[in-house]
Engineer: 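Structure provided below as structure tokens; questions to follow.
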Amino acid sequence: MQQTKPLAYFKKSDLFSRLRDAELEELAATAVPKAFPKGAFIIQKDAPGDDLYLIVSGNVKVTLYSEDGRELILAELREGDFFGEMSLLDGKPRSAMVIALEATEALVVRRRDFLAILNRNPAMAVKIIEALCQRLREADEKIESLAMLDVFGRVARVILQMAAKEGVRQGDLTVLTRRITHQEIASMAGTSRETVSRVLSRFQKRGHLSFSGRRLVLPPNFGSQL
Ligand code: CMP
């Protein structure tokens, strides 16, 4: 892996930062750095699995596919986030696919090493429970969106969630600096790419948002006048 040393990285990650130095060293000695190219299938749904991945750099999507190939993106995870904890903790098959959205590097921790440390560190268990609660809240919001909002509301909500996670403030405006495709928004909002294109151009015509090149630019009150 690049310059990032596993020990330094575990130390600055939210999940592991409270471990004592000896435990961080133990973890760093057993973790395996792995690099995935853009588009790599890191985790296959329903496969057995007992590794936990901590993202060092890059970006992944957690996603489900229907039999006819439609995609529903459950979440996008980035540097400092972890995934794979569900099968690791309950021993059941993987709950979703995880695919690299760009070149991604991760530290992979094996079940046995992880559980040994977890058993000695209740504070780390609390961190994992907090992260699971946060994911459950976001999943509840997604269920609410899919069941109760029309497509305008769903697309607006996806944009607001992206802005909250990775938007950059420029004065009053929020700019989504990563290039996000209409297909990606569609897969998060449970609709088609064509519909997202129509909804975005309607938002643009009504002055709800604008584009700088291919980047989305949101006014301070985006969402409130929809
Ligand atoms: P696991 O089931 O082992 O493998 C797939 C992983 O995707 C899962 O662990 C979680 O880490 C992650 N995952 C599954 N569902 C969600 C979700 N709704 N939000 C965020 N991450 C998820």
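Start at 1 and go down the list; that is how both ligands and their atoms are numbered.
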Engineer: Mind checking ring pair (Phe, Tyr, Trp, His ring centres under 6.0 Å) for Phe83 and listing every partner two or more places apart, or none if nothing turns up?
Structural biologist: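 Only Tyr53 meet the ring pair (Phe, Tyr, Trp, His ring centres under 6.0 Å) criterion with Phe83.
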
Engineer: For atom 7 (O) of ligand 1, what's the nearest protein heavy atom and its distance?
Structural biologist: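 Nearest neighbour among protein heavy atoms for atom 7 (O) of ligand 1, to 0.1 Å: Val62 CG1, 3.5 Å.
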
Engineer: To the nearest 0.5 Å, what is the distance between OG on Ser212 and CG on Leu173?
Structural biologist: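 Ser212 atom OG to Leu173 atom CG measures 10.0 Å (nearest 0.5 Å).
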
Engineer: I'd like to know if Lys165 and Glu76 make a salt bridge, using a cut-off of under 4.0 Å between side-chain N and carboxylate O.
Structural biologist: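 Result for this pair is no, no salt bridge flagged.
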
Engineer: Looking only at protein heavy atoms, which one is nearest to atom 11 (O) of ligand 1, and what is the separation?
Structural biologist: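 Protein heavy atom at minimum distance: Glu85 OE1, 2.6 Å.
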
Engineer: For atom 21 (N) of ligand 1, what's the nearest protein heavy atom and its distance?
Structural biologist: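 Looking only at protein heavy atoms, the one closest to atom 21 (N) of ligand 1 is Arg135 CD, 3.7 Å.
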
Engineer: Enumerate the atoms of ligand 1 whose separation from the nearest heavy atom of Phe83 is less than 4.0 angstrom.
Structural biologist: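 Once the distances to Phe83 are compared, the set is 11 (O).
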
Engineer: Which of these, Ala96, Ala75, Ala131, Ser87, has its nearest heavy atom closest to atom 5 (C) of ligand 1?
Structural biologist: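 Shortest heavy-atom distance from atom 5 (C) of ligand 1: Ala96.
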
Engineer: Would you say Ser187 and Gln183 are linked by a side-chain donor-acceptor pair, where the criterion is simply a distance under 3.5 Å?
Structural biologist: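 Distance-only check passes for Gln183 and Ser187.
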
Engineer: Say whether Gln134 and Glu130, considering side chains only, have a donor N or O and an acceptor N or O under 3.5 Å apart.
Structural biologist: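 Note: Gln134 and Glu130 side chains miss the donor-acceptor criterion.
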
Engineer: Could you find the nearest protein heavy atom to atom 17 (C) of ligand 1 and give me its residue, atom name and distance?
Structural biologist: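 For this ligand atom, the closest protein heavy atom is Leu74 CB, 4.2 Å.
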
Engineer: Are Val168 and Leu216 connected in the hydrophobic side-chain network, where two residues link if heavy atoms are under 4.5 Å apart?
Structural biologist: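 No, it is not one cluster - the side chains of Val168 and Leu216 are not joined through contacts under 4.5 Å.
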
Engineer: Could you identify the single nearest non-hydrogen protein atom to atom 3 (O) of ligand 1 and state the distance to 0.1 Å?
Structural biologist: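 Sorting protein heavy atoms by distance from atom 3 (O) of ligand 1 puts Arg94 NH1, 2.6 Å first.
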
Engineer: Between the side chains of Glu141 and Gln161, does any donor sit under 3.5 Å from an acceptor?
Structural biologist: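 Yes.
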
Engineer: Which residue owns the protein heavy atom closest to atom 14 (C) of ligand 1, what's the atom, and how far is it?
Structural biologist: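 Checking every protein heavy atom, the shortest distance to atom 14 (C) of ligand 1 gives Ser95 OG, 3.5 Å.
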
Engineer: Do Gly84 and ligand 1 have an N or O pair less than 3.5 Å apart?
Structural biologist: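 Yes; at least one N/O pair falls below 3.5 Å.
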
